Amino acid sequence: ESNIISICCLKDSTVLLGTSGDGIIVYNNNTITALNTKTGLPDDYVYSIVNDKSGRVWAGTDNGIGIFIGSGKTGFKNEKLLNNELPDNIIRKLFVDEKNRIWAGTQDAGAFVIDINTFKITIPPSFKNWHFGQINSILTNNNDIWIGTEDHGIVNLDLKTTKLLK
């Protein structure tokens, strides 16, 4: 029996369950399969799962980000692994914004943005000296990024001014 940390539902009604130690449980049409380190997942602790607009599945783990293509019906193939180039390998939260970019919130290094086409990682200047601790949630709203932290409550980033407000 797994401890479920995150849930993501795909367009084909496949449900992905991120666990603390058993990877991702894939539920589709009463069939259960698994994505784990044996199938290309970077780690079996999966804190966050998102599906971008092109259909890729992104999994934030204790050892970076696993990116998969496929579906619950056809199975998933590991497309890419991001870990060596990240500012922190412990990815606590992933969020897809209106521009179809992936925001990744980390354990200790704030957040960064990934271009889904090039996989280029950008660290916004406001996050270079992050001192608010672990990121547990991220939400974008127009020109604001709202970040829920473990130790410092809510932090707001104004994208126009690039100022962090607590």
Side-chain angles (χ1 to χ4, degrees), residues 2-28 32-124 127 130 134-141 144-150 155 157 159:
S2 297
N3 184 11
I4 306 300
I5 306 173
S6 58
I7 300 173
C8 179
C9 187
L10 306 181
K11 289 178 187 172
D12 69 356
S13 299
T14 297
V15 177
L16 305 175
L17 306 169
T19 70
S20 59
D22 292 318
I24 298 173
I25 297 168
V26 180
Y27 179 78
N28 180 273
I32 295 175
T33 56
L35 289 173
N36 51 41
T37 52
K38 294 175 185 164
T39 60
L41 196 62
D43 194 89
D44 287 331
Y45 279 78
V46 181
Y47 299 109
S48 187
I49 307 168
V50 296
N51 190 218
D52 68 26
K53 291 176 184 145
S54 68
R56 286 188 190 100
V57 172
W58 299 67
T61 76
D62 259 352
N63 189 29
I65 300 171
I67 305 165
F68 294 85
I69 54 175
S71 72
K73 292 177 183 172
T74 63
F76 291 93
K77 179 181 170 224
N78 186 355
E79 180 180 19
K80 187 156 181 67
L81 168 66
L82 298 173
N83 63 0
N84 292 332
E85 58 273 30
L86 303 180
D88 183 352
N89 274 352
I90 301 176
I91 307 301
R92 302 294 296 201
K93 184 65 180 171
L94 295 171
F95 180 78
V96 183
D97 71 11
E98 320 69 54
K99 297 178 182 175
N100 206 24
R101 300 176 300 182
I102 304 293
W103 284 82
T106 70
Q107 177 88 26
D108 296 315
F112 55 91
V113 183
I114 305 167
D115 180 305
I116 69 155
N117 297 312
T118 64
F119 301 109
K120 181 179 183 229
I121 295 167
T122 303
I123 303 171
F127 290 102
W130 182 257
Q134 175 180 307
I135 292 177
N136 293 329
S137 56
I138 300 174
L139 175 72
T140 61
N141 181 17
D144 288 315
I145 307 285
W146 295 92
I147 301 163
T149 68
E150 184 78 13
V155 176
L157 171 65
L159 290 176

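The first residue of the sequence shown is numbered 1, and numbering continues consecutively from there. Just so it is clear, the model here is predicted, and its values are computed rather than measured.
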| query | With sequence neighbours excluded, what pairs up with Ser137 under the side chain to side chain contact (heavy atoms under 4.5 Å, CB included) test? | reply | none
| said: I'd like to check the salt bridge (charged side-chain N to carboxylate O under 4.0 Å, His left out) partners of Asp115; sequence neighbours left out, ordered by chain and number. | reply: none
| query | Thr14 versus Val26: any side-chain heavy-atom pair under 4.5 Å? | reply | yes
| remark: dist Ile116:CD1 -> Ile67:CD1 (nearest 0.5 Å) comes out at 9.5 Å
| message | Can you give me the closest heavy-atom contact between Pro87 and Ala109, atom names plus distance? | response | O-CB, 3.9 Å
| task | Quick one: list whatever passes side chain to side chain contact (heavy atoms under 4.5 Å, CB included) with Val113, sequence neighbours left out. | result | Arg101, Trp103, Pro124
| task | Return each pair, listed once, that meets salt bridge (charged side-chain N to carboxylate O under 4.0 Å, His left out) where at least one residue sits in residues 38-51; pairs must be two or more places apart or across chains. | result | none
| remark: With sequence neighbours left out, the residues meeting side chain to side chain contact (heavy atoms under 4.5 Å, CB included) with Ile121 are Glu85, Leu86, Phe112, Ile114
| message | The criterion is side chain to side chain donor-acceptor pair (under 3.5 Å); which residues satisfy it with Ser13, sequence neighbours excluded? | response | none
| query | Closest approach of Leu41 and Leu35, non-hydrogen atoms and distance? | reply | CD2-O, 3.6 Å
| field | Minimum-distance pair of heavy atoms, taken over all atoms of Ser54 and Asn100 | value | N-ND2, 4.2 Å
| request: Under the ring pair (Phe, Tyr, Trp, His ring centres under 6.0 Å) rule, collect the residues that match up with Phe127, sequence neighbours excluded. | output: Trp130
| field | Ile65 versus Ala104, closest heavy-atom pair with distance | value | CD1-CB, 4.3 Å
| message | Which residues pass the side chain to side chain contact (heavy atoms under 4.5 Å, CB included) test with Ile5, not counting sequence neighbours? | response | Ser20, Tyr47
| said: Within the 4.5 Å heavy-atom criterion, are Tyr45 and Ile90 side-chain neighbours or not? | reply: no
| From Ile138 atom CD1 to Ile102 atom CD1, the distance as rounded to the nearest 0.5 Å | 10.5 Å
| OG of Ser48 to CD1 of Ile91: how many Å apart, nearest 0.5 Å? | 9.5 Å
| message | Could you work out, with salt bridge (charged side-chain N to carboxylate O under 4.0 Å, His left out) as the rule, every residue matching Asp144, not counting sequence neighbours? | response | none
| task | Could you tell me which residues satisfy side chain to side chain donor-acceptor pair (under 3.5 Å) with Thr149, sequence neighbours excluded, listed by chain and number? | result | none
| field | From Asn28 atom CG to Leu10 atom CG, the distance as rounded to the nearest 0.5 Å | value | 8.5 Å
| field | Pairs satisfying salt bridge (charged side-chain N to carboxylate O under 4.0 Å, His left out), at least one member in residues 48-63, at least two apart | value | Asp52-Arg56, Arg56-Glu79
| request: Kindly indicate whether the side chain of Phe95, heavy atoms from C-beta on, has any atom under 4.5 Å from the side chain of Val50. | output: no
| message | Can you tell me how far apart CD1 (Ile32) and OH (Tyr27) are? Round to the nearest 0.5 Å. | response | 7.0 Å
| message | Around atom CD1 of Ile7, are there more than 12 heavy atoms from other residues, nucleotides or ligands closer than 6.0 Å? | response | no
| What is the distance from atom NZ of Lys93 to atom OG1 of Thr106, rounded to the nearest 0.5 Å? | 14.0 Å
| query | Got a sec, which residues hit side chain to side chain donor-acceptor pair (under 3.5 Å) with Asp88, two or more places apart in sequence or on another chain? | reply | none
| request: Could you check Leu94, Ile24, Leu17 and say which one makes a side-chain contact (heavy atoms from CB on, under 4.5 Å) with Ile49? | output: Ile24
